[in-house]
Amino acid sequence: MKFRVFPRSEPSSPKPPQQPGSGLGTFGGVYTPSILTILGVIMYLRFGWVVGQVGLGGTLVIVTLSTSITFLTSLSICAISTDRVIRTGGAYYMISRSLGIESGGAVGIPLYFAQAISVALYTIGFAESLKITFPQLDVRVVALITTILVTIVAVKSAELAIKAQYFIMAAIVLSLICFIAGAILLPEPLAVTDIELEVARSTVKVGFWQVFAVFFPAVTGIMAGVNMSGDLRDPTKSIPVGTLAAVITGYIIYMVIPLFLSKGAGTELLLADPLIMKRVAIWGPSVLLGVWGATLSSALGSILGAPRVLQALARDGILPPWLRFLGTGSGEQDEPRIATAVTLGFVLLAVAVGDLNLIAPVLSMFFLTTYLVLNLAAGLESFLRSPSFRPSFKVHWMFSLLGVVGCLGVMFLIDAVATVMAAMIVSGIYIWLERRELEAAWGDVRQGIWMALVRMGILQLSYTPDTKNWRPHILTFSGAPTKRWHLVELASTFTHNRSLFTLCTVLPSGSRNPVQCGEMEATLREYLDKRGIQGLVRVITAADPFVGAQQLVDSYGIGPLIPNTVLLGDSQSSKRRDSYCQMIAELNKRERSVIILRSTASEFERRQKIDVWWGGLNANGGLMLILSYLLRTSIDWRGAQIHLKLVVANETAAQAARVNLAEVVEQLRIGATPNVIVSEGKPFPEILHESSSNADLVFLGMAQPSPELNYGEYYEGLQKMAEGLPPTIFVLAAPNFAFAEILQETTPTKQ
């Protein structure tokens with residue numbers, strides 16, 4: 001079953017159109033939530049610890065490396081956001097519309113959990129700062145209450161939350177001014193007490209990349225603005241300007257703060273006091289206002305963003321059907337209140353963990369995975385130069401590729417095991433979504449990737465036949481496949497999903513117009529999909545079906561990639577036999593191999609014994625052995641026995657034939673069993689029926705058409721000879737093709 005997935009703006013999930021001038025602008029909708037999330041809990045409560053762990057130089061390297069990854073990702077976001085309208089879902093929406101619904105869902109689900117866990121990170125940080133001031137408080141209880149209150153504000157209105165953040169920004173600016181002023185006026189580094197010295201000495205020293213993992217969430221604030229995409233007045237303009245401005249502002253501040261931290265306090269004090277900025281500041285309470293405002297604003301940004309990602313996942317059909325209610329919007333602004341309530345429950349569970357150092361590295365992995373895929377999406381779009389990808393913000397694909405490499409490298413350096421686990425989670429979600437066969441109503445970059453690969457492959461193919469790599473590329477003329485399913489099954493078995501197979505139908509002229517032919521092709525493709533058959537479909541019209549088949553063989557294909565084998569059903573009509581045989585002769589002139597299946601059953605039964613009637617390692621003999629080998633190595637015919645049968649006149653000839661046929665079988669290495677039959681005067685048809693009556697499939701070679709041979713009479717005799725046999729395949733190999741060389745390097749003794 002396939003699920004049809006509609007874009008966010010479809011009637012199935014309506015959002016009231018914004019009026020001119022409505023919605024959030026660049027400053028309030030992108031810059032403000034982004035910069036406030038960047039200047040958050042890590043800056044106030046862990047930045048001193050970072051400087052104490054790796055020193056000033058190491059801290060500046062961590063800040064530069066982290067911001068570089070974020071900046072490259074921001075460039076990719078700018079490119080994608082200026083190419084298409086970005087609706088609710090932010091990063092998920094971008095990825096799903098670029099790399100496809102499965103890739104979007106595989107990253108969108110971890111992204112949602114990352115955003116939700118971020119709320120816990122910030123409310124726990126707020127609770128820690130309160131506990132430092134008021135030691136009698138319980139961190140988890142304060143964090144739980146704060147989470148609920150923040151969620152209530154978010155549910156009330158996204159715009160109200162944004163307005164509240166303006167006051168928070170003022171508090172953060174004030175705290176930074178007081179901190180820098182205090183550091184400048186401080187005559188010497190603050191003195192460390194004995195208790196703080198003991199705390200510092202007991203603090204576990206960790207490696208550079210572990211410190212990086214703790215710090216990295218500090219620069220992931222760009223997601224706060226991107227996730228508000230559905231509430232922006234002009235996402236195409238606001239996201240690039242607001243995001244880049246926030247990244248640059250955050251980088252400047254993060255490069256300045258360590259200079260004053262190292263000036264105002266020594267390593268022991270930096271490790272021992274999480275609120276060292278308060279002690280350095282000229283007015284300490286300003287830092288408390290800043291940290292409280294920063295943590296609350298960051299929590300607001302995340303609780304606004306996470307439910308919107310969840311809402312978009314539900315509306316796009318990513319989530320199971322019983323969770324579709326999460327896509328419901330409320331009010332004129334289509335706010336995800338139901339998704340917010342569900343997110344609150346998950347966040348409360350995360351709050352129960354209550355450890356910033358444990359939560360932060362998990363967030364780093366989730367965000368790095370999202371950044372990696374965002375860079376990949378933008379890089380592929382830019383590299384492929386699809387006509388539909390026309391961003392007003394141009395970014396060279398090399399920058400996006402550098403972002404991919406940076407994210408992947410840092411993930412492995414932080415924790416290789418966690419990286420592999422993250423890859424397994426994303427891959428597992430992708431496979432789950434792919435098996436659900438979600439169908440999106442939008443295009444994605446995958447078509448461009450396949451087109452580029454197909455073009456490259458076709459241009460590399462040689463026009464000279466390659467015996468070493470020969471495989472049957474089959475045109476199957478089945479008529480109505482429901483009535484002749486055995487033809488479709490046989491073609492699919494021969495190709496092994498390694499070569500091309502096209503199901504063809506020729507309709508009488510005038511019976512269908514081009515639109516109806518297209519609809520019939522779509523129906524046949526769906527029929528093949530339901531039966532698990534990978535194949536192409538082509539429907540044409542012609543006054544005569546045999547002439548139409550010849551025309552299709554002439555025109556079908558591109559460059560050197562053309563069908564080399566035609567699979568037909570047997571024609572039982574004596575009135576049409578001459579036309580049928582004329583078509584076979586024409587196909588042979590066009591150097592196509594012809595395979596004709598003669599069977600009264602609609603499907604094969606046992607699939608255990610294959611008889612190949614040998615006439616020597618000529619063209620027909622070589623092709624029959626190749627086809628029988630392909631059958632035997634398929635899943636359906638696995639374990640079938642191939643019997644290579646040869647008829648000789650007497651026992652003297654049989655002795656030499658047995659030796660030679662055994663050598664042939666040994667050299668060909670296809671696992672066939674040689675069987676030499678002495679005719680003793682019996683006609684071949686009688687021997688054929690006696691020997692192959694218990695076979696499941698019989699291969700017989702056909703004579704090459706020639707002016708001297710009345711092919712209609714010849715084929716009629718062939719039909720009579722095969723009458724009463726199990727399913728039989730007549731094989732006519734293409735002329736001038738050395739099928740024998742496919743099987744072996746040197747031709748063995750021929751019979």
Side-chain angles (χ1 to χ4, degrees), residues 472 474-479 484 486-491 493-494 504 546 549-550 553 563-574 576-601 604 609-631 637 642-647 683-685 687-689 691-693 695-706 709-735 737 739:
I474 301 176
L475 278 183
T476 304
F477 290 93
S478 67
R484 307 175 83 178
H486 53 291
L487 284 174
V488 179
E489 181 188 13
L490 187 65
T493 305
F494 282 145
C504 308
F546 303 128
Q550 297 172 41
V553 169
N564 55 28
T565 306
V566 179
L567 175 59
L568 305 169
D570 186 27
S571 176
Q572 303 294 332
S573 173
S574 58
R576 310 183 70 176
R577 184 179 295 118
D578 289 340
S579 298
Y580 181 79
C581 291
Q582 179 63 30
M583 176 188 67
I584 295 173
E586 292 297 327
L587 296 178
N588 185 255
K589 287 181 182 179
R590 289 162 173 77
E591 297 189 351
R592 306 297 200 274
S593 296
V594 179
I595 305 172
I596 301 172
L597 175 61
R598 177 183 172 87
S599 175
T600 57
F604 297 100
K609 182 183 178 185
I610 302 172
D611 281 359
V612 178
W613 287 91
W614 188 246
L617 196 56
N618 50 29
N620 280 349
L623 181 55
M624 286 193 295
L625 284 179
I626 293 170
L627 295 176
S628 61
Y629 175 76
L630 290 173
L631 279 179
W637 288 80
I642 300 175
H643 293 267
L644 193 59
K645 298 190 173 185
L646 174 64
V647 178
F684 178 72
I687 298 173
L688 173 65
H689 280 262
S691 181
S692 292
S693 60
D696 299 303
L697 187 63
V698 179
F699 279 92
L700 290 173
M702 295 174 62
Q704 288 283 336
S706 65
L709 179 63
N710 185 325
Y711 216 71
E713 292 183 359
Y714 164 76
Y715 189 76
E716 182 181 5
L718 197 62
Q719 286 179 311
K720 290 180 179 178
M721 183 176 63
E723 191 171 340
L725 283 175
T728 303
I729 295 179
F730 300 144
V731 176
L732 177 60
F737 190 84
F739 283 99

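Note that this is a predicted model, so its numbers are computed, not measured.
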To the nearest 0.5 angstrom, please state how far the [atom1] atom of [X] sits from the [atom2] atom of [Y].
X	Y	atom1	atom2	answer
Ser593	Glu591	OG	CD	10.0 Å
Arg577	Asp570	CZ	CG	9.0 Å
Gln719	Ser571	CD	OG	7.0 Å

Check against side-chain contact (heavy atoms from CB on, under 4.5 Å), Thr565 and Ile595: CA-CA 7 Å; Thr565 306; Ile595 305 172; 3.4 Å; yes
Stepwise side-chain contact (heavy atoms from CB on, under 4.5 Å) check, Leu490 with Leu597: CA-CA 9 Å; Leu490 187 65; Leu597 175 61; 4.1 Å; yes
List the atom of [X], the atom of [Y], and the distance in Å for their closest heavy-atom pair.
X	Y	answer
Ser579	Phe546	CB-CD1, 3.4 Å
Ala491	Thr476	CB-OG1, 3.3 Å
Arg592	Ala734	C-CB, 3.8 Å
Trp613	Ser692	NE1-OG, 3.0 Å
Pro705	Asn588	CD-OD1, 3.7 Å
Gln704	Leu709	O-CD2, 3.9 Å

Would you say [X] and [Y] make side-chain contact, with heavy atoms under 4.5 Å?
X	Y	result
Leu718	Met702	yes
Val698	Ile729	no
Val612	Lys645	no
Phe730	Arg598	yes
Phe684	Met721	yes
Val731	Leu700	no
Leu487	Leu568	no
Val553	Leu475	yes

Salt-bridge criterion met for Lys720 and Glu723 (N-O under 4.0 Å):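 Here Lys720 does not pair with Glu723 in a salt bridge, since their nearest N and O are not under 4.0 Å apart.
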Between Tyr715 and Tyr580, ring centroids under 6.0 Å: yes
Pair Leu630-Trp637, side-chain contact (heavy atoms from CB on, under 4.5 Å): steps then yes or no: CA-CA 9 Å; Leu630 290 173; Trp637 288 80; over 6 Å; no
Leu567 vs Phe477, side-chain contact (heavy atoms from CB on, under 4.5 Å): CA-CA, chis, key distance, verdict: CA-CA 6 Å; Leu567 175 59; Phe477 290 93; over 6 Å; no
Between [X] (side chain only) and [Y] (backbone N and O only), is there a donor and an acceptor less than 3.5 Å apart?
X	Y	value
Asp578	Gly712	no
Asp696	Lys609	yes
Gln582	Tyr711	no
Ser628	Met624	yes

Partner of Phe699 by side chain to side chain contact (heavy atoms under 4.5 Å, CB included), out of Leu631, Ile642, Thr728: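 Single side chain to side chain contact (heavy atoms under 4.5 Å, CB included) partner of Phe699 among Leu631, Ile642, Thr728: Leu631.
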